[in-house]
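Below: one structure, written as structure tokens.
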There are 2 protein chains.
Amino acid sequence: MATATFDAFTAACPSRKLLDTLSDKWVSLAIVALGLSGSLRYSELAARIEGVSQKMLTQSLRRMERDGLVTRTVTPSVPVRTDYELTELGRSLMPVMRHIKEWAEEHMAEVEQARAAYDAA
Amino acid sequence: MATATFDAFTAACPSRKLLDTLSDKWVSLAIVALGLSGSLRYSELAARIEGVSQKMLTQSLRRMERDGLVTRTVTPSVPVRTDYELTELGRSLMPVMRHIKEWAEEHMAEVEQARAAYDAA
DNA sequence: CCGAATCCCCAGGGATACTG
DNA sequence: CAGTATCCCTGGGGATTCGG
């Protein structure tokens with residue numbers, strides 16, 4: 001019934017915006033990373049997701065936290081320690097995100113062939 | 001073995017860029033629409049994917065065609081008719097894209113609750 | 001009807017510097 | 001260590017116009 005009330009094909013539907021948010025490489029990579037490791041510190045995430053800036057990583061994590069996908073646990077030690085973990089909602093998203101990442105990796109060669117053929121024509 | 005040679009966590013890996021391309025709401029919506037209907041004209045696609053501009057739709061379709069995800073068939077009638085269809089490669093991507101779209105629709109309510117709770121705090 | 005081409009604007013996102 | 005704040009600039013993407 002939830003599928004009946006929301007439709008991402010509709011421009012004004014909230015799920016369109018959510019789809020847009022989920023369609024973010026940093027978000028998908030963060031979810032896969034957290035899904036594989038269970039729990040990760042900020043610096044560990046930054047290391048795994050090579051090339052992400054602190055701004056983008058923090059921004060993505062905040063949005064994910066707000067959307068209920070991850071929990072953020074701050075340990076007020078010196079220096080501070082912050083751990084991120086997928087919520088149950090976030091974990092339900094993990095298989096999907098992993099698949100899209102793996103699809104890109106598994107079909108990269110085919111895509112490159114297609115590009116070469118297209119560019120040659 | 002393809003999964004061993006490509007890793008989207010690595011910044012310089014081609015699959016990172018591909019993941020970025022796949023992480024595009026217009027691309028995902030186009031794939032789902034084509035997957036559901038089999039074959040669609042340009043104008044039909046534009047109608048289904050509400051709110052997309054011609055520029056973005058054309059741009060997305062071109063990139064998808066170049067990457068071997070869709071075929072583009074032009075019928076030189078008057079006026080011209082252009083049909084798009086998923087390739088086998090594109091069809092293999094369909095389930096993934098459908099899942100992410102459906103996830104957004106099915107969990108929209110939960111996400112909205114999480115947002116309300118976050119904003120209240 | 002299906003685009004290509006152009007103009008233009010603003011927000012996404014990187015680099016850098018500062019704080020608890 | 002884990003951010004926040006600021007600057008700055010590229011390019012995403014909408015609106016419009018023209019062509020076949």
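Note: hydrogens, waters and symmetry copies are ignored here, and every other heavy atom, side chains too, is used. Lettering of chains follows the sequences in order, A, B, ..., and the numbering in each one begins at 1. Just so you know, these numbers come straight off a predicted model, no measurement behind them.
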Considering just the side-chain nitrogens and oxygens of [X], establish if one lies under 4.0 Å of OP1 or OP2 belonging to [N].
X: B:Ser53; N: D:dG14; value: yes
X: A:Arg62; N: D:dG3; value: yes
X: B:Ser77; N: C:dC1; value: no
X: B:Ser43; N: C:dC2; value: yes
X: B:Arg41; N: C:dC1; value: no
X: B:Thr58; N: C:dC2; value: no
X: A:Tyr84; N: D:dG3; value: yes

Hey, which sits more toward the 5' end of DNA chain D by its nearest nucleotide, A:Gln54 or B:Gln59?
A:Gln54

If you assign each of B:Lys55 and B:Pro79 to its closest nucleotide in DNA chain D, which residue comes earlier from the 5' end?
B:Lys55

Go through A:Met64 and A:Val27 one step at a time and tell me if the side-chain contact (heavy atoms from CB on, under 4.5 Å) criterion holds.
CA-CA 8 Å; A:Met64 291 163 68; A:Val27 170; 4.2 Å; yes

With respect to the side chain of A:Val80, which nucleotide from C:dG20, C:dG3, D:dG14 is positioned closest?
C:dG20

Determine whether B:Leu34 and B:Arg91 make a side-chain contact, defined as any pair of heavy atoms from C-beta on separated by less than 4.5 Å.
no

Ignoring hydrogens, what is the shortest heavy-atom contact between A:Ser92 and A:Val96? Give both atom names and the distance.
O-CG2, 4.4 Å

Is the closest basic N to carboxylate O distance between A:Asp24 and B:Lys25 below 4.0 Å?
no

